[in-house]
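It should be emphasised that the depicted structure is a prediction, and the values quoted were computed from it without experimental measurement. Letters A, B, ... are given to chains in the order of the sequence lines, protein chains preceding strands, and every chain is numbered from 1.
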Amino acid sequence: MFGLSKVDTKRQNFEELLKPWLDGLYAAGLRLTRNERDAEDLVQDTVMRAYRFFDKFEKGTNFRAWLFKILTNTFINTYRRSVKARSLGEESERQSVEAQFFSADVTDQAQNPEEFLLERAMSADVLAAIDQLPIDFRMVVILADIQEFTYKEIADILDVPVGTVMSRLFRGRKLLQKVLLSNSNAEATTVDLNAYRSRKMLGG
Amino acid sequence: MNCRDFDTALFPYLDDELVENERANVEMHAAHCEGCASKLRSEQAVLSTIRARARDEAPRAPAALMERISNNLAAESTRSRRRQLARWSVAAAGVMTVAWVGHLEWQAHQRRLFVEEAARRHARSLPLEIVGQPEAVEAWFGGKLDHRVTVPRIPNATTAGARVSNVRDRQAAYIRYETANGAMNGASAQPRRVGLFVFGDESGDVSVGSLPDPDVGSSLGYNVVTWREGDVVYQLVTDLDEADVRSLLPQPNAATRPTLDVQPASFVH
């Protein structure tokens with residue numbers, strides 16, 4: 001009787017813009033929260049916030065990056081511990097994980113069997129390995145390697161300089177490689193090593 | 001370009017982030033440095049494998065999620081539209097009646113969503129961000145939310161601590177209390193956890209009354225008592241039974257100090 005109101009139009013526009021990115025938001029949310037229920041909540045919270053701020057969004061600009069910015073902000077503000085605990089906890093978390101994985105021995109081992117690393121990457125649970133990364137690294141790896149944003153987009157989303165994105169991505173990916181190498185799967189490891197060694201012998 | 005610079009440029013190269021002459025530098029170096037060329041091949045293979053695996057394994061959003069989101073958006077739009085409707089003249093009274101009945105159902109539905117959400121978040125027992133007495137909690141909340149937070153004093157319970165939380169899509173203060181030993185259910189009772197959500201609701205999404213006439217609902221085995229004081233909504237969540245819950249409610253018109261003193265910051269001139 002009243003026809004489409006401005007509000008209906010706004011909602012339809014918003015839903016149309018949103019639909020292609022819902023899977024991506026959920027996938028990223030799941031890596032961040034590591035829990036299906038929380039991932040759904042995070043996505044719902046994100047979408048409702050985005051809708052409330054939709055009037056402020058400049059039409060024609062990067063809607064996907066805008067959505068993911070709201071996702072990461074909502075995650076940080078809602079699902080993380082308090083600021084103080086966060087910076088202390090994350091720093092020590094990062095240091096202990098790095099200490100574990102960046103010791104000289106592990107670095108040497110990892111440099112040599114490049115094919116071994118590739119086989120691990122192919123057969124291991126990559127998402128589970130990503131989940132093991134400290135949150136700062138995890139976020140850039142998710143945005144770069146799962147969502148395939150550019151460095152500039154990631155910098156906008158996380159509100160950090162591009163240089164920070166590059167350095168976190170470098171360290172995050174290196175760490176991910178170490179995690180993939182060391183995640184234990186005893187059988188596969190033995191088989192991989194043997195296969196690798198015999199190939200090395202044949203190849204010379 | 002030396003090997004050290006090559007290492008730094010490698011990922012940006014593989015991510016297509018370099019400009020043309022930078023790309024050329026990388027490729028030229030790889031052309032005459034077998035060590036770096038090998039690194040390039042290896043990193044390229046690993047990176048594309050990781051990306052392909054992550055893409056293939058990435059879960060799709062559950063079907064119900066988009067549905068729920070659509071419903072929430074529709075409810076949000078409905079609320080805006082109903083405000084528009086309310087401005088129409090009396091001639092539209094017939095429509096208004098129908099709209100009013102639908103509105104009541106919608107309000108009940110919204111209340112239900114808030115009750116469920118409060119119960120769910122309380123049940124999660126997320127860690128407290130501040131542990132301590134009401135004064136410490138109030139000081140801690142300073143500036144964290146859009147409005148100032150005062151910790152209501154609850155009879156028969158002490159303040160354990162608080163955290164910033166959410167109810168549905170809005171920020172809320174979550175204050176945890178513990179009932180005094182033996183105050184409920186007999187002398188041997190363990191202290192019970194009580195949660196209180198406090199959030200601003202200027203737009204009136206939560207249609208409940210003030211004390212002493214709150215809304216009482218239940219979800220997930222918890223009783224949730226919801227009331228408002230002006231623009232502020234309170235939700236008390238506990239697994240105590242309803243009779244005991246009543247004895248926890250802050251007394252309305254409490255004497256000297258106002259127990260509820262939450263003003264949206266935007267309204268403070």
[X] versus chain B, heavy atoms under 4.5 Å apart: side chain, backbone, both or neither?
X: A/Q147; answer: neither
X: A/L127; answer: both
X: A/L180; answer: side chain
X: A/L25; answer: neither

Contact leader toward chain B among [options], where contacts are heavy-atom pairs under 4.5 Å:
options: A/R37, A/K10, A/K152, A/R173; answer: A/R173
options: A/F170, A/F14, A/Y151; answer: A/Y151
options: A/L30, A/T150, A/D145; answer: A/D145
options: A/R52, A/M48, A/R31, A/E36; answer: A/R52

Identify which of B/I130, B/I69, B/L126 forms the greatest number of heavy-atom pairs closer than 4.5 Å to chain A.
->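 Of the candidates given, the most pairs with chain A belong to B/I69.
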
Partner chain A: residue of B/V164, B/I50, B/D15 with the largest heavy-atom pair count (under 4.5 Å) |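 Winner by heavy-atom pair count: B/D15.
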
What part of [X] gets closer than 4.5 Å to chain A, counting heavy atoms only: side chain, backbone, both or neither?
X: B/L47; result: side chain
X: B/N166; result: side chain
X: B/E117; result: neither
X: B/S70; result: both
X: B/R168; result: backbone

Go through the steps for B/Q171 and B/F199 under the test side chain to side chain contact (heavy atoms under 4.5 Å, CB included), then give the verdict.
-> CA-CA 7 Å; B/Q171 275 197 319; B/F199 54 93; over 6 Å; no

Is there a donor-acceptor contact under 3.5 Å linking the side chains of B/S207 and B/R111?
-> yes

Could you walk me through whether A/N62 and A/D156 pass the side chain to side chain contact (heavy atoms under 4.5 Å, CB included) test, one step at a time?
-> CA-CA 11 Å; A/N62 193 337; A/D156 286 341; over 6 Å; no

Specify the closest pair of heavy atoms between A/A28 and A/L71, including all atoms of both residues, with the distance to one decimal.
->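 It is CB-CD2, 3.9 Å.
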
Give me the ring orientation class for B/Y174 and B/F197: parallel if the planes are under 30° apart, tilted from 30 to 60°, perpendicular past 60°.
-> tilted

Is the A/F54 ring parallel, tilted or perpendicular to the A/W66 ring (thresholds 30°, 60°)?
-> tilted

Pairs under 3.5 angstrom only: tabulate donor-acceptor contacts from the side chains of residues 54-64 of chain B to other protein residues two or more places apart or in another chain.
from, atom 1, to, atom 2, distance (Å)
B/R55, NH1, A/E148, OE2, 2.5
B/E57, OE2, B/R53, NE, 3.2
B/E57, OE2, B/R53, NH2, 2.2
B/R60, NE, A/D23, OD2, 2.8
B/R60, NH2, A/D23, OD2, 2.6

Begin with the C-alpha distance, continue with both residues' side-chain angles, and end with the deciding distance and a verdict on side chain to side chain contact (heavy atoms under 4.5 Å, CB included) for A/D41 and B/R120.
-> CA-CA 11 Å; A/D41 287 350; B/R120 206 151 49 81; 2.9 Å; yes

For B/F114, is the NZ or CZ atom of B/R170 found under 6.0 angstrom from the centre of its six-membered ring and inside 45 degrees of the ring axis?
-> no

Listed by chain and number, what are the side chain to side chain donor-acceptor pair (under 3.5 Å) partners of B/E27, not counting sequence neighbours?
-> B/Y13

